[in-house]
Amino acid sequence: EEDPGEPFWITDPARTVVDAYRLRHQIGEDLAHAALREYLRSGRKQTRLAELAQPLRAWAPLSAAMRVLGE
């Protein structure tokens, strides 16, 4: 079991955001939203999020959050 605050490697920022939304019930929605905000601030492509999230069934909550953050 991992301790909160234990470091981990991020190899793909988009996959990290998708995993945060996929596992948001375990890590908390605040952390998932923070990951998305940081990703969007960095100017990375939003289409990459869609490509990864759709097959992992994370696109619905992720796209909803993107709409809210975009307003």
Side-chain angles (χ1 to χ4, degrees):
E1 186 169 308
E2 294 181 20
D3 291 326
E6 182 177 316
F8 60 94
W9 295 101
I10 297 175
T11 57
D12 183 338
R15 178 60 193 255
T16 300
V17 172
V18 170
D19 284 343
Y21 274 87
R22 194 170 55 82
L23 301 171
R24 69 194 181 284
H25 61 282
Q26 292 176 351
I27 66 168
E29 286 196 7
D30 290 341
L31 185 57
H33 295 328
L36 177 59
R37 277 193 300 274
E38 184 63 32
Y39 184 89
L40 296 175
R41 256 192 294 253
S42 72
R44 291 185 172 96
K45 294 184 180 182
Q46 295 180 23
T47 55
R48 177 84 173 124
L49 292 175
E51 291 169 359
L52 293 171
Q54 288 173 347
L56 295 172
R57 296 179 168 188
W59 182 239
L62 182 53
S63 63
M66 288 173 62
R67 282 192 300 275
V68 170
L69 291 175
E71 293 178 351

Using residues 43-54 as the side-chain source, report each donor-acceptor pair under 3.5 Å to any protein atom, sequence neighbours left out, with the distance given to one decimal.
unit_1 : atom_1 : unit_2 : atom_2 : d
R44    : NH1    : S42    : OG     : 3.0
R48    : NH2    : D12    : OD2    : 2.6

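- When every heavy atom of A32 is checked against every heavy atom of A20, the shortest pair comes out as CB-O, 3.6 Å.
- I27 belongs to a hydrophobic cluster whose other members, connected by ILVMFWY side-chain contacts under 4.5 Å either directly or through intermediates, are L31.
- Listed by first and then second residue, the ring pair (Phe, Tyr, Trp, His ring centres under 6.0 Å) pairs that reach into residues 43-66 come to none, sequence neighbours excluded.
- Evaluation of the side chain to side chain donor-acceptor pair (under 3.5 Å) test over residues 17-28, restricted to residues two or more places apart or in two chains, returns R15-D19, D19-R22, Y21-H33.
- Under the side chain to side chain contact (heavy atoms under 4.5 Å, CB included) criterion, R41 pairs with R37, E38, sequence neighbours left out.
- Note on L23 and V18: separate hydrophobic clusters, where clusters join Ile, Leu, Val, Met, Phe, Trp and Tyr whose side-chain heavy atoms are under 4.5 Å apart, directly or indirectly.
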